[in-house]
Amino acid sequence: MNKVICIDGPAGSGKSTTARAVADGTGVLFVDSGALYRIMTWQALKAGVPTDDPAAVAAFAPNVKVEFAVRGNRVAYLVDGREPGDLIRTPEINANVSPVSAVPEVRAIVTGWLRKLPELGDIVVEGRDIGSVVYPDSKCRFYLDCDPDERARRRQKEDAGKGFVQTTEQVKASLLNRDKIDSSRKTAPLKVPEGAIRIDTTRLSVAEVVAKILDASGIAAK
Ligand code: DC
């Protein structure tokens, strides 16, 4: 079986940047699990499904079809033959993705998709339940944490680059709200997986976090 590096943590803790950098430095494929929950949310909103109605979301979820393709160092998701890009990164999706991802039927479908991906190669997967639920047997599991003010600053800068203008305070409120829903949901809540290595990224550079992960995973940089 191919190697699976699991990186969990709250929004803005640096999971995505770190996982991409791990992929770039090693040839391991980058997998963004949150994007799959965002695709579910996007499709549900497009179909007019009320995202605050778990039964309606559960009934709709099996209709969502995603194809998986290797593009460079990452696994790309195609919906109707196309990558959704920033259409799944809007404030509207941010506001609706936590209730959608709390629906057990949605989680079962996304977990099933994710468990097939090691067929494509060694992967580094970032998310909320990757080391705790999706691949609990992986030997390389990490939990990234970071001070909420620093997380909000990072996310605000990232979102501004995509043209979404919000204050740092608005971004912080949205992050903390999602943390609360993600950590308190019944199915696969965000938590430190048992046995995972915890890394506080508040004062670390991306290179320092990547070095810790590669070292602990026994993976050599290219
Ligand atoms: O990482 P992100 O912000 O793109 O994730 C979007 C949402 O998806 C997040 O609020 C929680 C959910 N999510 C999840 O429940 N489990 C995962 N493995 C990844 C994301």
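First listed ligand is number 1; within each ligand, the first listed atom is number 1.
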Flag, side chain of Asp8 to backbone of Ile130, donor-acceptor distance under 3.5 Å: yes

Give me each pair satisfying salt bridge (Lys or Arg N to Asp or Glu O under 4.0 Å) with a member in residues 40-57, each pair once, sequence neighbours excluded. none

In order of chain and number, which residues sit within 4.0 Å of ligand 1 by heavy atom? Ser33, Gly34, Tyr37, Arg38, Arg89, Val97, Ser98, Ser101, Arg107, Gly127, Arg128, Asp129, Ile130, Arg178, Asp182, Arg185

Residue pairs meeting salt bridge (Lys or Arg N to Asp or Glu O under 4.0 Å), one or both in residues 130-150, sequence neighbours left out, come to Asp145-Arg198, Asp149-Lys172, Glu150-Arg153, Glu150-Arg154

Sub-3.5 Å donor-acceptor pair from the side chain of Thr17 to the main-chain atoms of Gly14, do we have one? no

Under 3.5 Å side-chain donor-acceptor pair for Ser98 and Asp182: yes

Thr167: what forms a side-chain contact (heavy atoms from CB on, under 4.5 Å) with it, not counting sequence neighbours? Glu169, Gln170

